[in-house]
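In each ligand, atom 1 is the first atom listed, and ligand 1 is the first ligand listed. One is the number of the first residue; the rest follow in order along the sequence.
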Amino acid sequence: MSDQVNFGDELVSREEKTRRVGEVFSSVARRYDIMNDLMSGGMHRLWKDRFVNRVKPRPGEDILDMAGGTGDVAFRMVRRGARVTVADINADMLEVGKERAEARGLTGLSWKVENAEALSFDDASFDAYTIVFGIRNVTDIPAALREAHRVLNRGGRFYCMEFSSTDWPGFDKLYEKWADTMIPRIGKLVADDEESYRYLVESIRRFPRPPVFKKMVSDAGFVRAAAEPMLGGLVTIHSGWKI
Ligand code: SAM
């Protein structure tokens, strides 16, 4: 395994990548939610609704929302009666999430600092594992997928939503322009942090294409791995089952 990995477009050591991803999210934590709205034109809310409809959380289920950040996806799932553990490598993101949950009077949530690559949970602890806009930031993605498989019960569902570079003629150019110019600009204006938002754009560009990621999900032991593109392929919902 190569010792150098990409942090956006830069090559860095594995430890350095994990550390710098940590810095990015500590730096954006307080502005993360407003930035999501600005960068996606509010679309992230619809994507997350659609995602949770696919997951179909049920009352009494235990779900691990990995890289759960400030809790957006977890909130939607507890509202449907599931118990959700929000796990993230970044304590600052979780702190913002806890405050938001309290302000909304939500219960059924627990919060835990965890690295997706090496979870502290026992085997077969959850009915579903979700990870939204998180896995592209993980240094060792195959390790994270193996861990997802390990902590799921038999019959457990794996669901991941991630950006994907779109191939749609015309739309791809439009997206590239938006991503290269507007996102870092909004990052500078609103969060005074152009660098972090440039990293986010570069990390999206470098994330494996849906067929490649689908194979990674299968290789981790999941069956019926599927990739469902949304909105011209800008975002893809990946899924798989543990049997
Ligand atoms: N899922 C949330 C959402 O959609 O609003 C947050 C997504 S945010 C773009 C990505 C999150 O991944 C950050 O909170 C970051 O701390 C987390 N993350 C990055 N690397 C991680 C790792 N190795 N293990 C766990 N979380 C990680």
Side-chain angles (χ1 to χ4, degrees), residues 5-8 12 14-40 42-52 54-55 63-78 84-98 100-101 109 111-121 128-148 151 159-164 179 183 187 191 193 196-204 206-207 230 234-238:
V5 289
N6 275 96
F7 173 79
V12 297
R14 292 177 164 267
E15 298 72 31
E16 169 97 354
K17 170 164 177 165
T18 305
R19 188 182 62 73
R20 284 176 68 179
V21 167
E23 282 175 5
V24 165
F25 287 102
S26 289
S27 148
V28 304
R30 293 270 150 203
R31 306 273 169 126
Y32 178 75
D33 297 296
I34 173 131
M35 284 300 295
N36 265 351
D37 275 330
L38 290 172
M39 289 188 312
S40 73
M43 288 296 290
H44 76 106
R45 293 166 187 265
L46 303 178
W47 294 332
K48 287 169 182 167
D49 287 344
R50 172 86 72 97
F51 177 80
V52 171
R54 287 284 179 284
V55 177
I63 302 182
L64 175 60
D65 184 37
M66 197 60 228
T70 60
D72 253 12
V73 173
F75 295 172
R76 285 167 169 79
M77 299 195 293
V78 283
V84 182
T85 303
V86 190
D88 198 288
I89 202 166
N90 193 302
D92 295 322
M93 291 288 280
L94 292 179
E95 206 41 56
V96 175
K98 279 185 216 167
R100 294 175 77 216
L109 290 156
W111 305 82
K112 200 140 190 304
V113 174
E114 291 276 336
N115 183 347
E117 295 169 15
L119 300 175
S120 69
F121 307 107
Y129 174 110
T130 55
I131 183 162
V132 171
F133 303 138
I135 205 150
R136 71 174 191 282
N137 300 293
V138 171
T139 308
D140 188 345
I141 294 175
L145 292 172
R146 285 193 300 273
E147 280 293 82
V151 299
Y159 278 97
C160 167
M161 182 158 69
E162 195 46 89
F163 292 105
S164 33
I183 292 181
D193 188 356
S196 293
Y197 286 94
R198 202 169 288 291
Y199 158 74
L200 292 182
V201 170
E202 289 162 2
S203 65
I204 291 169
R206 293 202 161 270
F207 188 67
M230 294 200 295
L234 207 54
V235 166
T236 301
I237 296 178
H238 293 270

Give the minimum heavy-atom separation between [X] and [Y], together with the two atoms involved.
X	Y	result
Ala116	Glu147	O-CB, 3.6 Å
Trp111	Ala101	CZ2-CB, 3.9 Å
Phe121	Lys112	CE2-CD, 4.1 Å

Under 3.5 Å between any N/O of [X] and any N/O of ligand 1: does that happen in this structure?
X	answer
Lys48	yes
Tyr32	yes
Met66	no
Ala116	yes
Asp88	yes
Phe133	no

Heavy-atom pairs closer than 4.0 Å: do any link ligand 1 to the side chain of Val21, the backbone, both, or neither?
side chain

What part of Glu117 sits under 4.0 Å from ligand 1 if we count only heavy atoms: the side chain, the backbone, both or neither?
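No part of Glu117 comes within reach of ligand 1.
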
Closest protein heavy atom (residue, atom, distance) for [atom]:
atom	value
atom 23 (N) of ligand 1	Asn115 OD1, 2.9 Å
atom 18 (N) of ligand 1	Ile89 CG2, 3.8 Å
atom 12 (O) of ligand 1	Ala67 CB, 3.3 Å

So, using ring-ring contact (aromatic ring centres under 6.0 Å, His included) as the criterion, who are the partners of Phe133 when residues are at least two apart?
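Checked Phe133 against ring-ring contact (aromatic ring centres under 6.0 Å, His included); matches are Phe163.
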
Which of the numbered atoms in ligand 1 are below 4.0 angstrom from a heavy atom of [X]?
X	answer
Val138	22 (C), 23 (N)
Glu114	24 (N), 25 (C)
Asn137	10 (C), 19 (C), 20 (N)
Asn90	16 (O)

Rounded to the nearest 0.5 Å, what separation is found between the CZ atom of Arg136 and the CG atom of Asn6?
14.0 Å

Main-chain N/O of Thr70 paired with Arg100 side-chain donor or acceptor, under 3.5 Å
yes

Decide side chain to side chain contact (heavy atoms under 4.5 Å, CB included) for Val21 and Ile89; before the verdict, give the C-alpha distance in whole Å, the side-chain angles of both, and the deciding distance to 0.1 Å.
CA-CA 10 Å; Val21 167; Ile89 202 166; 5.6 Å; no

Does Arg19 CZ have over 12 foreign heavy atoms under 6.0 Å away?
yes

In terms of side-chain geometry, is the basic nitrogen of Arg30 or Asp92 positioned less than 4.0 Å from the acidic oxygen of its partner?
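No, this pair does not count.
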
Please determine whether a side-chain nitrogen of the Lys or Arg among Arg20 and Glu16 lies less than 4.0 Å from a carboxylate oxygen of the Asp or Glu.
yes

